[in-house]
Amino acid sequence: MGIFIPALTERHFGFFKVVLIGALISTSIETLQFILNTGVTDIDDVIFNTLGAAVGYFLYFVGKWIKKLIKI
């Protein structure tokens with residue numbers, strides 16, 4: 001999520017918006033698992049997916065920075 005949200009949207013989302021969107025999507029999936037009684041509902045999934053969104057956002061902008069340096 002952290003890589004795909006900034007890469008696939010035309011608008012620039014800030015770090016906190018991307019992490020919040022990642023957390024909301026993860027929370028939605030976990031809530032559906034609880035309501036539908038499928039899979040195992042676990043708060044660790046939400047935490048790790050939110051951290052993954054933060055790391056993905058960082059990696060996206062590091063890659064964008066490297067791409068800009070190579071073009072020079």
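In the hydrophobic clustering of this structure, V46 does not group with V19; members are Ile, Leu, Val, Met, Phe, Trp, Tyr whose side-chain heavy atoms approach within less than 4.5 Å, directly or through other members. Taken together through direct or relayed side-chain contacts under 4.5 Å among Ile, Leu, Val, Met, Phe, Trp and Tyr, I43 and V40 form parts of separate hydrophobic clusters. Linking ILVMFWY side-chain heavy atoms closer than 4.5 Å, directly or via other members, places L8 and F58 in two distinct hydrophobic clusters.
Looking at heavy atoms from C-beta onward, M1 lies in side-chain contact with I25 at the 4.5 angstrom threshold.
If you take CD1 on I35 and OG1 on T41, they are separated by 9.5 Å, rounding to the nearest 0.5 Å. Distance CG/L59 to CD1/I3: 5.5 Å, rounded to 0.5 Å. Here T27 contributes atom OG1 and L20 contributes atom CG; the two are 9.0 Å apart, rounded to the nearest 0.5 Å. Remark: L24 CG to T50 OG1 distance equals 8.5 Å, nearest 0.5 Å. For the atom pair CD1 of I29 and CG of D45, the computed distance is 9.5 Å after rounding to the nearest 0.5 Å.
Not one N or O on the side chain of S26 forms a donor-acceptor pair closer than 3.5 Å with the backbone of G22. Within the 3.5 Å criterion, the main-chain N or O of D42 finds a donor-acceptor partner in the side chain of E30.
Among residues at least two apart or in separate chains, ring pair (Phe, Tyr, Trp, His ring centres under 6.0 Å) pairs with a member in residues 5-44 are H12-F61, F15-Y57.
Scanning all heavy atoms of the two residues, the minimum distance from G2 to Y60 falls at O-CB, 4.3 Å.
Counted within 6.0 Å of CG on D44, heavy atoms from surrounding residues, nucleotides or ligands total more than 12; the atom is thus considered enclosed.
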